[in-house]
Amino acid sequence: MRLYDTLARETKEITPIDGAIYGFYCCGPTVYGPAHIGNFRTFVVQDVFRRTLELGGTPTKHVRNLTDVDDKTIRDSQAAGQTLKEFTGQWTKKFHHDCHALNCLPPDIEPSAVEHIPQQVMMIEELIKKGHAYAADDGSVYFRISSYPEYGQLSHLDERELDLGKTQSQRANDSDEYEKDSVADFVLWKVRRDEDGENYWQSPWGEGRPGWHLECSAMIREYLGANFDLHSGGEDLVFPHHENEIAQSKCSCGGDFAAHWFHITHLLVEGKKMSKSLGNFFRLDDLIEKGAKPNEVRVALIGAHYRKQLNFTLDSLHAASEALDKLLKAERALAKLAGVDEAPSYEELIGLEDKGLFENAWIGLNEDLNTQRAIGAMFGALRRSQNESNPLAQWKGLHFMLQALGIQLPEVVEEVQEEAPEVIKALAAQRWDARSNKEWAKSDELRDQLKELGWLVKDGSGDYSLEKI
RNA sequence: GGCGGAGUGGCCAAGUGGUCUAAGGCGCGGGUUUGCAAAAUCUGUAUUCGCGGGUUCGAAUCCCGCCUCCGCCUCCA
């Protein structure tokens, strides 16, 4: 498939380095609270990407880390009166729960920063030995940017004027200040401070904890090696996080690091950056509370190309919900036409050759992961599929695309249709009698009454059904 | 201030030189169906792509200028 590469600044055809399997690293969440839908745009897009690679026939080794030690996790765990492990454990669990609800495939490996302290310490030692890092008097260790002339290639630092003066004055009043040779140098190891409490580890430079950027480099090295295929994250990570990763990794273990960089643009909510003060800050649970299903949220999150600022609104969520409904109903109709019922599994669809009319949708996904184009093509294919001679092939093609997008089927998603209570049933029966006797006024009144009680009556020919609203 | 992205119908959003009098979804209008609704289904819905110039046989797509919006600029996906 073709994918835009942040480093090369162009769309490139991707192929696995070893010719067999894609090494795919994603910067995971900092587990200090429930993730918001902005986080999930990134994770859902990464999931669609992974599914596209795998369904296309090439397996992936998907590694996504958990940041379970940093300023925020330490600060908030102490505020909550919990140990760091208890605190991050609880939010890790919540993250997994939300990912599952959104139908994201779990990564093959999900390493945590706390569990890889020795690897990080070892990396720092190497960097010091090679002259790329230095220990400050207070016991913190910094990466020396001047030792790596290529620094800044990903974010094109040479083309930018960083307002370092401003940053420096801000930092002067910041308790976070450490002693550095140059303001641009970034921290690899942070010396223990009082507010860290019991959250510190031993190192050759004394007690402290690793810097944030280092964990990814260390875990990538451990699980994917010095050369791997794809590195992904939110657009905000380009600088400095990924820039620093490149510096640390290339200077310590050599190699080319990531062959391809894949960044997901942040979403907007109601046209603005999501923030608590604007009241447009949504977590998955906030949307579920508003009646949305995770499946619908997922569709809304892939409703625009990943390199555009998707404008998420409650309207767009409603649109996604209606569109999803239409897709799934069409799936049932096509299944009936094809005389099949049990949907093929993800594994069964891997490498499917004949996608029927859905070939176009698949092409869309393979052109820089154009999800919106793919969805549009699916509707087009559905319309024409009615007249096709081979409904089974169309049905399979549809399922192939549903799996690629990670759209769940209703039997998985929808709770069992709730049985109406006797009172409701009695009222409905009463209404049916009135209707049969052409007592329209009475019939309509009862229908309104049922609606107020939360039940929708649908008349068929000679029968009716009840549906909970 | 620097870097990057974007402005397409009421809303969301594809399309980046001819098949575009611009995909698809939502919404809205109409038909079929219905006692009326709901549901279902069919159907209509931008001669026009922020504004002004230019290049070209031909531009939403390329160039120039302007306006507006958004993001990033040291630990936020």
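Here is how names work: the chains are called A, B, and so on, in the same order as the sequence lines, proteins then strands, and each is numbered from 1.
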query = Planes under 30° and centres closer than 5.5 Å, is that true for A/H266 with the base of B/rG71?
reply = no

message = Is there aromatic stacking of A/F379 on B/rG24 here, judged by a ring-centre distance under 5.5 Å and a plane angle under 30°?
response = no

Below 4.0 Å: OP1/OP2 of [N] and any side-chain N or O of [X]:
X	N	answer
A/N311	B/rC69	no
A/K273	B/rC72	yes
A/K329	B/rA40	yes
A/K326	B/rC26	yes

Nucleotide [N], atom [atom2] - distance to [atom1] of [X] in whole Å:
X	N	atom1	atom2	answer
A/K458	B/rA37	NZ	C1'	12 Å
A/E445	B/rC36	CD	C1'	15 Å
A/H36	B/rA77	NE2	P	6 Å
A/D325	B/rA40	CG	C1'	12 Å
A/L382	B/rA23	CG	P	18 Å
A/L310	B/rC70	CG	P	16 Å
A/R307	B/rG5	CZ	P	9 Å
A/F312	B/rC11	CZ	P	19 Å

Look at all strands and tell whether [X] reaches a base, only sugar-phosphate, or nothing, counting heavy atoms closer than 4.0 Å.
X	answer
A/Q309	base
A/G380	nothing
A/R383	sugar-phosphate
A/R384	nothing
A/I264	nothing
A/V238	nothing
A/S465	nothing

ask   = If you pin A/N39 and A/H305 to their nearest nucleotides in RNA chain B, which one's is more 5'?
value = A/H305

key: Centroid-centroid distance, A/F262 to A/H231, less than 6.0 Å   =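 Aromatic pair excluded; centres sit 6.0 Å or further apart.
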
Among the nucleotides [options], which one has an atom lying closest to any side-chain atom of [X]?
X	options	value
A/K272	B/rG35, B/rG27, B/rC70	B/rC70
A/L237	B/rA77, B/rG4, B/rC26	B/rA77
A/D236	B/rC69, B/rG35, B/rA77	B/rA77
A/Q372	B/rA77, B/rC75, B/rA23	B/rA23
A/R431	B/rU74, B/rC36, B/rG71	B/rC36

Answer yes when [X] and [Y] have at least one side-chain N-carboxylate O distance shorter than 4.0 Å, and no when they do not.
X	Y	answer
A/K451	A/D448	no
A/K190	A/D138	no
A/D285	A/K94	yes
A/D5	A/R9	no
A/R209	A/D70	no
A/D47	A/R298	yes

query = Can you find a donor-acceptor N/O pair under 3.5 angstrom joining the side chain of A/R447 to the base of B/rC36?
reply = yes

message = Between the base of B/rG35 and the side chain of A/D444, is there a donor and acceptor pair under 3.5 angstrom?
response =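 Flag set: donor-acceptor pair detected.
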
Considering only atom [atom1], compute the distance from [N] to [M] and round it to an integer number of Å.
N	M	atom1	value
B/rU19	B/rA59	C1'	15 Å
B/rC67	B/rC51	P	15 Å
B/rA23	B/rU8	C1'	12 Å
B/rU47	B/rA37	P	32 Å
B/rA38	B/rA77	P	45 Å
B/rG31	B/rU16	C1'	39 Å

query = Should the ring pair A/W205 and A/W189 be called parallel, tilted or perpendicular, given that the plane angle runs from 0 to 90° and is split at 30 and 60?
reply =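 Tilted: the ring planes of A/W205 and A/W189 meet at 30° to 60°.
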
message = Once you measure the plane-to-plane angle for A/H241 and A/W212, does it fall in the parallel (<30°), tilted (30-60°) or perpendicular (>60°) bin?
response =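 Plane angle under 30°, so parallel.
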
message = Once rounded to the nearest 0.5 Å, what's the spacing between atom CG of A/L66 and atom OG1 of A/T73?
response =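 Rounded to the nearest 0.5 Å, the CG-OG1 separation comes to 11.5 Å.
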
query = Based on Watson-Crick and G-U pairs with both distances under 3.5 Å, what dot-bracket line describes RNA chain B 5' to 3', crossing pairs as [ ] and inter-strand pairs as |?
reply = ((((((((.[[[..)..(.....]]]((((((.......))))))....[[[[[..)....]]]]])))))))....

